[in-house]
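The block underneath contains the structure these notes are about, expressed in structure tokens.
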There are 2 protein chains.
Amino acid sequence: MNKRRYNSETAKQEIMEKAWLLFSQKGYSQTSVSDISKASGYSKGHIYYHFENKEKLFVLLAQQTMKEWFIKWMNKENEYSSASEKLYGMAMHVLYNYQTPLLKGGQELASNPESSTESLKQLYELAVIPMGAYRAILVQGIEEGEFKKGNVEEWTVLIGTWLGGLCQLTNTQDTRSLEPLFKKAVSMFLESIQN
Amino acid sequence: MNKRRYNSETAKQEIMEKAWLLFSQKGYSQTSVSDISKASGYSKGHIYYHFENKEKLFVLLAQQTMKEWFIKWMNKENEYSSASEKLYGMAMHVLYNYQTPLLKGGQELASNPESSTESLKQLYELAVIPMGAYRAILVQGIEEGEFKKGNVEEWTVLIGTWLGGLCQLTNTQDTRSLEPLFKKAVSMFLESIQN
DNA sequence: ATATAATTAGAACGGTCGTTCAATTCAAGA
DNA sequence: TCTTGAATTGAACGACCGTTCTAATTATAT
């Protein structure tokens, strides 16, 4: 093959994009570095020029994905005023932006005894982010008298697991068609916590 | 090694037990046939004497697990009379008997493009079983006037995803300590559908 | 023009994977 | 006792894994 010279940074970006796609589709261990090489068009050696190893590449992508998810939510949050509206908005945000396939890869990596402890820690910290966002909404609702005074931690976990569970459906169903279901979940949840 | 002769059926059983354990702990692709061989004490060749291949072995275990889950529920169901009680009972049954780790392996297998279509179909049929059990409870509740007349299919999916999402917590938290959370989810759900 | 360093490809490495197979042992029937 | 076939092993196979290394190419600075 020719050793053309291309912008190294865009190369890195392209590798990350293709890797993200493959990890999402096939999971962590079922995606090989060769797969990423073929899909991106860059040699295996070049991938290792940019990234220390497969595990670190994955963690980086997971972090980036979660970061984008959070920033995107922060930008959208102000569109809603009441905590109830925010909860509906969050449900839609989760439906359309929460990348369950990639996180599934994270569980895979996490359950592998050979994963480095540092990666495990980093992945764990990732899971905390959405919970924080949920909690913030619930706290606002309580403070403004919109929601009852209740066990915030419990509520946070409950809405988190519900939305997470619903997200699994995106594997088998069209995203758009799931909107009513997500909204229904929120409305049922609100029935219990609203004043 | 000596080629001792042992009861072949118990050998098969022991292999299945160890395989089940490993698949649950490490997932599908991270569990090798060699792992199963070492853990069970039977040679690799002997595993292939009993099972066509790794994929079929896994599907068999998944089917068996789900079957047992369902039978166990059927036996327990009569302990509860009202549909509401049954829903609480089901939540506990799911918490203590729903083998998420193994099903995680199922998702792994399902997302692998090289899995045989037959295995995929069999895994999909598995996911239907618990939904049927949830639906039955909801239908009973409606027929006996305990629950509102509502969209049963929607309710089924909603309680199913909620319980499924909550089950993920068993990966990081003690099962016993999750009881209140599961019960709280059911009580919130009931608030919305009870007459 | 030359030297140096960054970049890129692809072969090579040691290992493991799922699977197959020949060889062997054992139990039971003839 | 001899034969047959089921049971069992472990070596062997080809493929692929993540990673490393060498060599080649190119850009840049001198």
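In what follows, every chain begins at residue 1, and chains take the letters A, B, ... in the order their sequences are listed.
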- If you look at every strand shown and take non-hydrogen atoms under 4.0 Å, does A:S37 touch a base, only sugar-phosphate, or nothing? nothing
- Message: Assess, by modelled atom type and distance only, whether the side chains of A:Q140 and A:K86 contain a donor and an acceptor separated by less than 3.5 Å.
- Response: yes
- Task: Enter the distance from A:L87:CG to A:Y134:OH here, rounded to the nearest 0.5 Å.
- Result: 9.5 Å
- Does B:K44 get its side chain close enough to the base of C:dT19, under 3.5 Å, for a donor-acceptor pair? yes
- So, B:D35 and B:K26, do they make that salt bridge, N to O below 4.0 Å? yes
- Message: Do the side chains of B:K183 and B:E179 get close enough for a salt bridge, i.e. N-O under 4.0 angstrom?
- Response: yes
- Task: Whole angstrom is fine here: how far is it from CD1 in A:I47 over to P in D:dC21?
- Result: 18 Å
- Query: Hydrophobic cluster mates of B:L120, side-chain heavy atoms under 4.5 angstrom, ILVMFWY only, any path?
  - Reply: none
- Task: Hydrophobic side-chain clustering at under 4.5 Å (ILVMFWY, transitive links): who's grouped with A:Y124? Put none if nobody.
- Result: A:V128
- Task: Measure from the side-chain heavy atoms of B:S43 and tell me the nearest of C:dG10, D:dT9, D:dG18.
- Result: D:dT9
- Note on the structure: Looking only at D:dT8, C:dT8, D:dC17, the nucleotide nearest the A:S34 side chain is D:dC17
- Quick one, which residues of residues 51-61 of chain B touch DNA chain C with a heavy atom under 4.0 Å? B:N53, B:K54
